[in-house]
Amino acid sequence: MATDKKPVSTAPARPKSLSLHIGLNAVSAAAYAGWDGPLAACEFDANDMAAVARSRGMKPTVLLTKKGTRANVLAGMRGAAKALSAGDLFFMSYSGHGGQVPDVSGDEADKQDETWCLYDGQLIDDELYFELSQFKAGVRILVLSDSCHSGTVTRAPPAPPPPGQRVKLMPAAVAMRVYREHQAFYDKLQLDVAKAAGEQVVDPDTALANVAASGRLQAIVKKFNPTVVLVSGCQDNQTSMDGDHNGAFTEQVLKAWAHGAFKGNYGAFHARIKAAMPATQTPNLFTLGKAGAFLAQAPFTV
């Protein structure tokens with residue numbers, strides 16, 4: 001007797017996608033030596049980036065100000081790392097202050113580690129780099145960071161912001177007080193990450209910017225399984241500006257995207273954003289891993 005059998009589908013499964021959007025209009029004064037870092041547009045930035053993600057079929061998680069804690073951000077990244085596989089997409093955006101703590105895990109005693117100023121404490125770039133490295137091979141990761149990155153102390157200091165504008169940078173004096181009051185915590189974070197990685201952790205910006213020129217860094221990057229495209233709001237010696245409705249960088253990201261009307265790849269997208277920004281704030285484009293195919297895609301493609 002003949003039986004009806006359903007044909008086996010040979011179509012590839014559609015890639016999965018998750019996104020995480022962090023926007024902090026303030027930080028906890030208790031964690032930042034009495035400084036609460038008021039900003040105006042960072043929550044708007046996070047909600048607008050989540051809307052872009054949602055329009056592209058992603059499932060966004062939004063962490064605003066008091067929800068933007070170290071534990072919540074790390075949990076969001078680790079959950080995505082477990083859930084996503086080769087071909088999937090993780091999109092993360094951050095809008096808030098950038099800061100720094102002295103580097104205790106690197107080779108140079110005078111280096112500074114860059115940070116995102118989360119509500120109850122800073123997320124060190126070593127931690128961010130390590131958490132991203134935990135994603136599976138072939139996962140595509142897009143990071144948009146609308147904050148100031150002060151870089152290492154060997155680079156030129158950030159130029160002063162235009163009069164009357166809010167800058168997304170934790171003041172150096174505050175950064176020193178915060179580190180002094182919480183030194184054991186931040187030192188241990190760096191050393192724990194270095195131990196978990198099995199070797200000294202390279203400053204992410206150094207790895208991203210110089211991978212093509214350094215054999216030592218290439219050896220480290222070979223162990224980095226996912227593919228990362230990072231667009232940051234400014235150069236190391238510049239500052240990212242806040243606004244009333246969006247940060248200066250996020251505003252131009254949204255204008256370039258034009259509700260999905262943009263045609264082109266990530267390189268063209270970065271060029272469009274960069275061309276619209278003032279000379280005092282020039283967005284950076286970095287890649288990590290085998291990013292050629294990823295860069296050739298249209299932005300936010302799942």
Side-chain angles (χ1 to χ4, degrees), residues 22-39 42 63 65-75 77 94-131 145-161 165-197 199-207 232-242:
I22 309 151
L24 289 99
N25 282 350
V27 295
S28 169
Y32 288 89
W35 177 75
D36 61 359
L39 293 168
C42 298
L63 301 175
T65 305
K66 290 185 178 181
K67 294 292 186 180
T69 62
R70 283 180 44 83
N72 286 344
V73 171
L74 289 169
M77 295 178 66
Y94 171 75
S95 182
H97 285 291
Q100 61 179 198
V101 296
D103 178 19
V104 299
S105 61
D107 295 327
E108 299 178 27
D110 62 350
K111 283 183 65 178
Q112 298 286 317
D113 270 356
E114 298 171 356
T115 69
W116 284 350
C117 294
L118 301 182
Y119 186 74
D120 60 346
Q122 298 172 82
L123 183 75
I124 301 173
D125 55 9
D126 291 352
E127 295 180 274
L128 180 60
Y129 181 85
F130 179 73
E131 294 297 335
S145 180
D146 193 347
S147 68
C148 292
H149 290 278
S150 49
T152 65
V153 296
T154 58
R155 298 176 187 166
Q165 292 198 24
R166 293 180 299 272
V167 62
K168 294 182 173 183
L169 177 67
M170 179 167 55
V174 173
M176 287 188 290
R177 286 198 298 270
V178 171
Y179 179 70
R180 185 171 63 245
E181 292 183 10
H182 304 279
Q183 181 174 351
F185 174 72
Y186 288 115
D187 286 358
K188 186 175 186 299
L189 282 180
Q190 296 179 64
L191 296 174
D192 285 349
V193 171
K195 183 178 179 180
E199 57 185 296
Q200 288 184 327
V201 178
V202 176
D203 174 71
D205 280 346
T206 303
S232 60
C234 65
Q235 303 289 321
D236 290 314
N237 62 344
Q238 296 176 331
T239 49
S240 289
M241 294 296 119
D242 189 25

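Note that the structure is a prediction, hence the values are computed from the model and not measured.
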inquiry  = Minimum heavy-atom separation for Tyr186 and Gly121, please, with both atom names.
reply    = OH-CA, 3.6 Å

request  = Start with the C-alpha distance between Val73 and Glu131, add both sets of side-chain angles, then the distance that settles side chain to side chain contact (heavy atoms under 4.5 Å, CB included), and finish with yes or no.
outcome  = CA-CA 11 Å; Val73 171; Glu131 294 297 335; over 6 Å; no

message = Using the rule given for side chain to side chain contact (heavy atoms under 4.5 Å, CB included), can you reason through Cys42 versus His97, listing the C-alpha separation, both sets of side-chain angles and the distance that settles it, and then say yes or no?
response = CA-CA 9 Å; Cys42 298; His97 285 291; over 6 Å; no

query = If you look at every heavy atom in Trp116 and Ile22, which pair is closest and at what distance?
reply = CZ3-CD1, 4.3 Å

query = Can you tell me how far CZ of Phe130 sits from CG of Leu189, rounded to the nearest 0.5 angstrom?
reply = 12.5 Å

inquiry  = For Cys117 versus Gly98, what's the shortest heavy-atom pair and its separation?
reply    = SG-C, 3.9 Å

inquiry  = If I compare all heavy atoms of Tyr119 with all of Ala26, which pair ends up nearest, and what's the gap?
reply    = CD1-O, 3.6 Å

key: From Leu24 atom CG to Leu39 atom CG, the distance as rounded to the nearest 0.5 Å   = 9.0 Å

request  = Flag the pair Met170 / Gln122 as yes when at least one side-chain heavy-atom distance between them is below 4.5 Å, and no otherwise.
outcome  = yes

Min side-chain heavy-atom separation Val101-His182 under 4.5 Å = no

request  = Please tell me if the side chains of Leu123 and Leu74 come closer than 4.5 Å, counting only heavy atoms from C-beta onward.
outcome  = yes

remark   = For Arg70 and Leu118 the tightest heavy-atom approach is CA-CD1, 3.7 Å

request  = Would you indicate whether the side-chain heavy atoms of Tyr129 and Ile124 approach each other to under 4.5 Å?
outcome  = no

Nearest-0.5 Å distance that lies between atom CG in Asn72 and atom CE in Met77 = 13.5 Å

key: Option among Ser95, Ser240, Ser147 that satisfies the side-chain hydrogen bond (donor to acceptor under 3.5 Å, both in side chains) test with Lys168   = Ser95

Donor-acceptor pair, side chain of Thr65 and main chain of Asn25, under 3.5 angstrom = yes

